[in-house]
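Take a look at the structure set out below.
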Amino acid sequence: MPSKVENWKDEVYGNEIRDHLMEFAEQGWEAIPDDEQDAWFERFKWWGLYHQRSGQESYFMMRIGTPNGVIEPGQLEVIGEVAKEYAQGPAENPEFGDAYCDWTTRQSIQLHWIKLEDIPEIFERLESVGLSTQQACGDSWRNIVGCPVAGKDKHEHVDAWPVAQELNETFKGNDDYANLPRKWKVAITGCDEGCGQGDINDLAFEPAEKGGELGFNVRVGGGLSRKEPRLARSLDVWVPPEQAADVAHGMSALFREYGDREDRFNARIKFLVDEWGTEKMRSVLQEEFVDFELPTAGEDMRDQYTYNTGTQAGHNDHVGVTEQPDGNYYVGLNVLVGRMGADDTLELAELADEYGSGEVRLTQRQNVIVTDIAEEDLDEFLAEPLLEDYSPDPSPFMRGSIACTGTEFCSLSIVETKNRQVRYARWLRDNVDLPADHDEFHIHLSGCTASCAQPQIADVSLRGMKTRKDGEPVEALDIGLGGGLGDDPRFADWVAMRVPADEVPGAIKNLVENFKELREERAVPEGQRGRDGEAVERETFRDFVEARDEETLADLVEPEETDYEDPYMHNTKMTWYPYAEDDDMGASPAPTDGQGQPLASDD
Amino acid sequence: MTTDVHQLDDGAWISVNDAREVNVSDLWLLARSDFCGCETTDFLAEGFVEVGVDHPDIQARIAGQCIACGASGVTDWLTVGRVVDPDVGEFYGVVPESVHFPAKRTRLARPEE
Ligand code: HEM
Ligand code: SF4
Ligand SMILES: [Zn+2]
């Protein structure tokens, strides 16, 4: 029996939702019939609108998909203006003010507190510069991710940006793939550093060579959600760039036809790969969904990957100054937990115009990159005051921090995330010294097991939980260690469970101290010494974790209260907004009308 | 009118007649359950897996874990509230922190549509 959501999708789904959305917006929040709210909110996701959590009724999160994270000249200014004008709710966030943009782990943009009544105007503004919310959420092709410096990087073998654009144009608004059993996440990369994060996507194209020609190997079935993380598995298929779209057609049609529409928890293609195995998947793809002979996999470049590998070498992220093949530079700026105030966003747009081409790119580590800066303008750009807050050379703890939405807006959440992670990062920066050979240390905080912050691929993984302290329930985190990507990707081992959130910074400090004390050295034989000629090699954090069993590691994490103070211990999900002066659920002004005035609630 | 119950947003909450009524992240106290070895299970609700109506009870099986011993899994059926008069449709939620007795289904309830 198809699920209830499937029945709603059968009635109205895809592009046609827009007309209904516009009509409701015209008439106002109360025009949505009470007994149709669930169905419409499920459908609105397809147009990038996600109803915010309990206590925030009538307000929406709006997601804008920017393929490959590329924000074209002229677009960032509009994003900043829309955030400032429309993304303001009834209460302020104490760290970020009253209007802000979130840069997400899938190179998209999220705005919050959007009112239904404002959507037509917002869409008009966004679409006037070529931005769109189409398929940003919902059961279809989501924003395509990839190497954020595609087309601008010396490590690139295939320019994946035109291919990403082709996929975006082919599959956005395409009625044939508008209604899939579940979300469909695609990554495409042409560089040899592995920064497309293909391994955690439903469908991944990674650079590979075959018969002297450069193209892509294809992997399927990656994803982190729930407690079922999977790495994408090789389909043993290679495609030249001009046929990538054909394979993408085939794979998403296969998912459309064979994905589970009865149980949404089992719908993602990772579970179909589990069930079928890759050989069967390949042969079904070949026989039913493509009309040319699929070549077997080519020679990949995975052994050169550096991105998020914990090796402390190469591109672990995109923060910092890097020369482009054309002699200009791109500068990656750290945005702590991916959130930037609307005024700062407008300032960034101006700087990108002034110093670069006006283009800005988003990374999968919630950071931004300003591209195309001429060498002679670099110093002046780097001296801009905005870069004091969004640094190209931040503390490893600021740089490595990722946090999801959490109890601020999200229904699934268990704990507060972004503001907490801001406080963690600052405290760790001021109180913990990494060993001198570690300038990369990734800490990812997700408010629940959906894993939007991708905790399983961090050095330190944090996941929302609860525990009791002196008998009282408090927000807590599970702590995992040693995750990362690269040739040999690895999900974190969960070693310390339900640590009260105020003891987590102390736990990380103690862990780092223990690591410094216990990490092993080995003499490097003369012939194998690196360029620096070092005669001893010390374990990296990731190797250190990999070499030890869970019990040993658990002992090295020693949770402890410190002078770190956590203002969010009190079960923030039970508030209407965790930072409101009167945060009691009953004090919520929601739902409100188009002017933000409370409406009498009828239930 | 029949009572319309479903879980939405990946099990984040239970909708009863199109109103958001029961949310994840609450702690439920479970007694006489075989969920874990604890005398009472201090259960963190992380997701609603199945919902149903056994008039007048609204029931659910919830994924989550005991925050005392760490056991995780899915509960048997729990009554999360009642709709006493289906014609009026008003939902009366139970108090999660009070004691609950999960049960294998005895009567056949109308499953989620
Ligand atoms: C209203 C807030 C949000 C809700 C309700 C929500 C919901 C979800 C859910 C239910 C999943 C898991 C579904 C599945 O894969 O089966 C998920 C996954 C994911 N979300 Fe969100 N999300 C929210 C905000 C965000 C934000 C802010 C980001 C980015 C910073 C984000 C990025 C992701 C990513 C990357 C995954 C994928 C994990 C994977 O690889 O499977 N989400 N989200
Ligand atoms: S990880 Fe969980 S809490 Fe965080 S945004 Fe995703 S669904 Fe919400
Ligand atoms: Zn227990």
Side-chain angles (χ1 to χ4, degrees), chain A residues 1-5 7-8 32-42 45 50-51 53-57 137 182-183 225-227 263-265 267 406-407 410-415 447-450 463-468 473-476 478 494 497-498 571-574 585 601-603, chain B residues 1-29 38 40-52 61 63-74 83 88-93 95-97 110-113:
Chain A
M1 193 167 54
S3 67
K4 184 158 252 163
V5 171
N7 293 336
W8 292 333
I32 307 174
D34 283 345
D35 61 351
E36 295 178 17
Q37 287 196 359
D38 292 347
W40 285 114
F41 297 158
E42 194 62 43
K45 292 177 187 172
Y50 213 115
H51 196 209
R53 74 162 167 92
S54 185
Q56 303 170 358
E57 285 75 14
C137 312
R182 202 72 171 71
K183 59 177 76 162
S225 65
R226 305 264 146 188
K227 287 181 180 166
D263 179 2
R264 293 182 65 75
F265 293 123
T407 52
C410 172
S411 297
L412 261 176
S413 61
I414 309 291
V415 301
C448 80
T449 60
R463 181 172 72 194
M465 254 295 133
K466 284 194 181 179
T467 191
R468 285 185 193 270
V474 294
E475 299 199 354
D478 287 344
W494 296 98
M497 311 308 264
R498 302 182 302 285
N571 302 288
T572 55
K573 188 70 171 291
M574 297 183 180
M585 197 58 95
S601 165
D602 47 11
D603 47 52
Chain B
M1 132 184 152
T2 57
T3 304
D4 200 17
V5 184
H6 38 259
Q7 57 82 13
L8 282 171
D9 292 354
D10 291 282
W13 46 282
I14 299 176
S15 166
V16 182
N17 296 327
D18 275 62
R20 251 190 305 218
E21 299 290 6
V22 191
N23 292 290
V24 293
S25 97
D26 283 339
L27 289 170
W28 295 71
L29 211 51
C38 298
T40 50
T41 302
D42 203 357
F43 182 79
L44 173 68
E46 295 185 272
F48 298 98
V49 176
E50 267 188 281
V51 292
R61 296 182 64 221
Q65 69 173 267
C66 172
I67 62 166
C69 72
S72 70
V74 178
V83 175
V88 179
E90 185 146 4
F91 176 82
Y92 301 90
V95 178
E97 310 82 278
R110 198 172 60 85
E112 185 198 5
E113 278 168 17

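First the proteins, then the strands, lettered A, B, ... as listed; each starts at 1. These numbers come from a predicted model, not from an experiment.
If you take CD on Glu46(B) and OG1 on Thr449(A), they are separated by 5.5 Å, rounding to the nearest 0.5 Å. A distance of 5.0 Å separates CG in Leu44(B) from CE in Met465(A), rounded to the nearest 0.5 Å. Atom CD in Gln65(B) sits 6.0 Å away from atom CE in Met497(A) (nearest 0.5 Å). The OH atom of Tyr50(A) sits 4.0 Å away from atom CG of Asp9(B), with the distance rounded to the nearest 0.5 Å. Here CG of Asp18(B) is found 8.5 Å from CZ of Phe41(A). Values are rounded to the nearest 0.5 Å. Rounding to the nearest 0.5 angstrom, the gap separating the OG atom in Ser25(B) from the CE atom in Met574(A) is 5.5 Å.
Between Glu97(B) and Pro473(A), every side-chain heavy-atom pair lies at or beyond the 4.5 Å cut-off.
Of all the listed residues (Lys227(A), Lys573(A), Glu42(A)), the one sharing the greatest number of non-hydrogen pairs under 4.5 Å with chain B is Lys573(A). The most heavy-atom pairs under 4.5 Å with chain A, out of Asp26(B), Leu27(B), Asp42(B), come from Asp42(B).
Of the atoms belonging to Ala68(B), it is backbone heavy atoms, and not side-chain ones, that fall under 4.5 Å from chain A. Contacts between Thr407(A) and chain B at a heavy-atom distance below 4.5 Å are absent for every atom of the residue.
The minimum heavy-atom distance between Arg20(B) and Ser411(A), with the atom names listed, is NH1-OG, 3.9 Å. Taking all atoms of both residues into account, the shortest heavy-atom contact from Ile414(A) to Ala45(B) is CD1-O, 3.9 Å. The two atoms that bring Val5(B) and Lys4(A) nearest to each other are O-NZ, 3.9 Å, heavy atoms only. Closest heavy-atom contact between Phe265(A) and Phe48(B): CZ-O, 3.7 Å.
With Asp10(B) as the partner, the salt bridge (charged side-chain N to carboxylate O under 4.0 Å, His left out) test is satisfied by one option alone out of Arg182(A), Arg264(A), Lys45(A): Arg182(A).
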Checklist entry - Passes side-chain contact (heavy atoms from CB on, under 4.5 Å), Val5(A) versus Leu8(B)? Steps please. => result CA-CA 8 Å; Val5(A) 171; Leu8(B) 282 171; 3.9 Å; yes
